[in-house]
Amino acid sequence: MSSLLSIGKSGLLAAQVGLSTTGNNITNANTAGYNRQVAIQGDTGTQYQGFGYVGTGTEIQAVRRYYDNFLATSLRSAEANQASLDAYSGQISQIDNLLADPTAGLSPALQDFFSGVQDATANPASAAARQSLLSNAQSLASRFQDMSAKLTEISAGVNSTITSTVNEINSYATQIAAINNTIAGLTTDQAAPNDLLDKRDQMLTELNKLVKINVTPGDNNMLNVQFGTGQPLVVGNQPFQLATASSPTDVSRVTIGYQSSNGNFSALPDSVFTGGQMGGLMEFRNGALDKAQNALGQVAASLATAFNAQHVLGQDQNGDLGTNFFNPIQAYVGTSTRNSPASTAEVTAVVTDGSALTASDYSVDYDGTNYNVTRKSDGKVTAVTGSPQEIDGVTYTFSGTPQAKDNFLVRPTYNAATSLSVAITDTTKIALAAPIATSAATANAGNAKITAGSVDKNYLTAGNALTAPSTLTFDKASGTLSGFPAGQDVTVTVNGTPTVYPAGTPVPYTDGASISFGGVNFAISGTPVDKDTFTVGPNTSGVGDSRNGALLAGLQTKNVMNNGTATFQTSYAQMVNFVGTKAREAQISSTSADASVKQATAAQQSVSGVNLDEEAANLLRYQQAYQASGKVMQVASQLFDTLLSIGN
């Protein structure tokens, strides 16, 4: 009877464990990271009774956790991609809204500025029109500054999020290492602590949403965690702590690396942070944000240099040559904190040619003998052969004594929008007139006419500016013009072919040919007669002249950017289109990622999730088994009582 009683007892205990396990599944159906469990039941062996083997009951061999590593890894991968896209989309939408705003964007301010230039050109003597031009210019500079400030604010927000995310990553790494250690101490050959395994998996899930991780098995049921190209976060029960620090060449930029026990910081490249929130932030910062900031600065710098270049070729109301309308754009130069203490090298960079300017950053390195400038967008290296030297529209100046491996970061356009400002405050200093005047003598017998003329940058060379009029006289016998300023060669261009004539040499006359000397350009067309004269000299009555103003206004539609392929408006439109396209791509990709996560979750939950209908059925099954085992024990007790009564 004791054997039957023992069998019933074993069944009772097994059913009780089954009920407890099922009840635990039901109560944790909504617990994040919980994997359903099942009690694995087996017999306890048999005993030989002479006539054969008789069973001795049952036992619970294990409480198994339903977990599929492949499905869990697939789900983590989908969630890392989803978190990355969500972070990227959330950030780029801010830039998209900023740039595309029809009222707060740059396009209206550009249009107002050039409308002011056109109004002043139409009324060059009007102080009100000139003041309006200055006001529009200041408004344009403020718009550039405001937009740049908002982008800088977004950048600061990214830095803050990166720092907080690193702190979260470190926290999870520490917790995972600690739970690894606990699991290792509780794991036996027969069983593992399921609740701790679930808790660890949930930590891995949350960590993976911050940065995409790779999980590999370690010793004694511990897990190792890496990210990027194998950078460790957890090895067994040892966590590795990340830290943040300012970039050695840009204090406004946060970098991530390992912090050693002795306080040394070892920076990691941004490229190792892929997937998860951190991956999305890095992709946004190094892609859309930098491109938008640089492209906005490129428009600002190109506008300033192109407008200045034309403005200095004009004449103001005081009769003086024009000065810079906008203040020069100084490129950002960051000296690496890792440069040798013995180095006294300094690098300065000024934007001087907006048409050759790119939206790229540059690395300036000293190899022990020479400086080399590397364009980061495509890796093109330019050797420095002198100082100053212009590279991609930026003039570099080098001074001091460099040391091998000295490094400088040059960002020609990153801060250009912020630093754009109007240099002129006096309306009379606006150079709308041309500095030269031409005329054909009223006594000329022929019908030849001379154009109003213009000047180019060579006119600014010392000694080239006209201080007195030059009278050009046509000689019919030789068919030439003479009387050009002494000491200046004359270039005559016919059908696109230039011919240079030495100073003092009579120049053959060709109807309609372009003539230039000392930066002065004009053309004479028609048929002159002998002794007809034409005068080219300084403009002594330019108050009502607006020839240079017309050239300034023409910059609005002139291809002055990207090596003469884009206007200010089209270049800005390209930037807006790029950001808008990226924002839309991110939205579409986010929707796709959501679907992938949903699909991966369904697959994982089909194995590991709790099905309440199934658990309800199991509850009834174990209840019946419990009751039946109790009945077995009751019968055994009654039989035992019967035997005792027979003995009495």
Side-chain angles (χ1 to χ4, degrees), residues 302 304-316 319-326 328 350-357 386 388-395 429 431-439 450-472 481-510 512-524 534-540 542 545-555 558-560 563-564:
S302 297
T305 54
F307 204 85
N308 283 347
Q310 186 60 55
H311 193 262
V312 297
L313 296 178
Q315 179 175 289
D316 64 22
D320 299 323
L321 283 174
T323 56
N324 282 336
F325 188 89
F326 294 101
V350 181
V351 178
T352 50
D353 184 0
S355 65
L357 194 62
Q389 179 172 335
E390 184 177 299
I391 300 172
D392 289 350
V394 178
T395 297
K429 293 292 186 180
L432 298 177
I436 65 167
T438 63
S439 63
I450 185 171
T451 60
S454 64
V455 297
D456 57 39
K457 62 181 180 180
N458 293 321
Y459 188 75
L460 304 178
T461 303
N464 281 356
L466 295 177
T467 57
S470 296
T471 301
L472 310 182
L481 289 169
S482 60
F484 291 95
Q488 293 183 345
D489 295 341
V490 179
T491 300
V492 178
T493 303
V494 180
N495 297 325
T497 303
T499 302
V500 179
Y501 296 90
T505 303
V507 174
Y509 173 75
T510 301
S514 297
I515 303 172
S516 61
F517 60 86
V520 176
N521 307 284
F522 59 92
I524 300 176
F534 307 88
T535 301
V536 179
N539 187 357
T540 57
D545 183 9
S546 60
R547 283 175 290 158
N548 197 54
L551 295 174
L552 289 170
L555 292 175
K558 187 177 181 181
N559 290 332
V560 296
N563 294 314

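Quick note: numbers below take in every heavy atom, side chains included, and nothing from hydrogens, waters or symmetry partners. Keep in mind that what you see is a predicted model, and the values were worked out from it rather than measured.
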Between Val312 and Asn324, is a side-chain contact (heavy atoms from CB on, under 4.5 Å) present by the stated rule, with each step listed? CA-CA 6 Å; Val312 297; Asn324 282 336; 3.8 Å; yes
Between Ala468 and Pro538, which heavy-atom pair has the shortest distance, and what is it? C-CD, 3.5 Å
Strictly distance-based, threshold 3.5 Å: is any side-chain N or O of His311 a donor or acceptor partner for the main-chain N or O of Leu552? no
Sequence-distant partners of Asp320, salt bridge (charged side-chain N to carboxylate O under 4.0 Å, His left out), two or more places apart: none
Shortest non-hydrogen contact between Ala513 and Val492, atoms and distance: CB-CG1, 3.8 Å
Using side-chain heavy atoms (C-beta onward) and a distance below 4.5 Å, is Tyr459 in contact with Ile436? yes
Is the shortest heavy-atom distance from the side chain of Leu481 to the side chain of Ile515 under 4.5 Å? yes
Could you give the distance from CD1 (Ile450) to OG1 (Thr535), rounded to the nearest 0.5 Å? 8.0 Å
Nearest heavy-atom pair of Gly483 and Ser470: which atoms, and what distance? O-CB, 3.8 Å
OG1 on Thr395 to CD on Gln389, rounded to 0.5 Å: 9.5 Å
Side-chain donor or acceptor of Asn308 paired with backbone N/O of Phe326 under 3.5 Å: yes
With no hydrogens and no angle check, is any side-chain donor or acceptor of Asp489 less than 3.5 Å from a backbone partner on Val500? no
Does any non-hydrogen side-chain atom of Phe522 lie less than 4.5 Å from one of Ile524? yes
For Asp353, give me all partners under salt bridge (charged side-chain N to carboxylate O under 4.0 Å, His left out), at least two apart in sequence or on another chain. none
Taking all heavy atoms of Asn458 and all of Gly519, pick out the closest pair and write down the distance. CB-CA, 3.8 Å
side-chain contact (heavy atoms from CB on, under 4.5 Å) filter on Lys558, not counting sequence neighbours, yields Leu555, Val560
So, does Thr451 use its side chain to make a donor-acceptor pair with the main chain of Ala523 at under 3.5 Å? yes
Residues in side-chain contact (heavy atoms from CB on, under 4.5 Å) with Ser516, at least two apart? Thr491, Asn521
Please enumerate all residues that pass side-chain contact (heavy atoms from CB on, under 4.5 Å) together with Ala309, with sequence neighbours excluded. none
Could you tell me which residues satisfy ring pair (Phe, Tyr, Trp, His ring centres under 6.0 Å) with Phe484, sequence neighbours excluded, listed by chain and number? Phe517
How would you list, by chain and number, every residue that makes a side-chain contact (heavy atoms from CB on, under 4.5 Å) with Pro508, sequence neighbours excluded? Tyr501
Might you point out which heavy atoms bring Pro328 and Val350 nearest each other, and give the distance in Å? CB-CG1, 4.5 Å
Can you tell if the side chain of Leu357 reaches within under 4.5 Å of the side chain of Val394, non-hydrogen atoms only? yes
Looking at OG1 of Thr323 and NZ of Lys429, how far apart are the two atoms once the value is rounded to the nearest 0.5 Å? 6.5 Å
Which atoms form the tightest heavy-atom contact between Gly314 and Ala431, and what is the distance? C-CB, 3.5 Å
Under the side-chain hydrogen bond (donor to acceptor under 3.5 Å, both in side chains) definition, can you give me all pairs with a residue in residues 546-555, not counting sequence neighbours? Gln310-Asn548, Asp545-Arg547
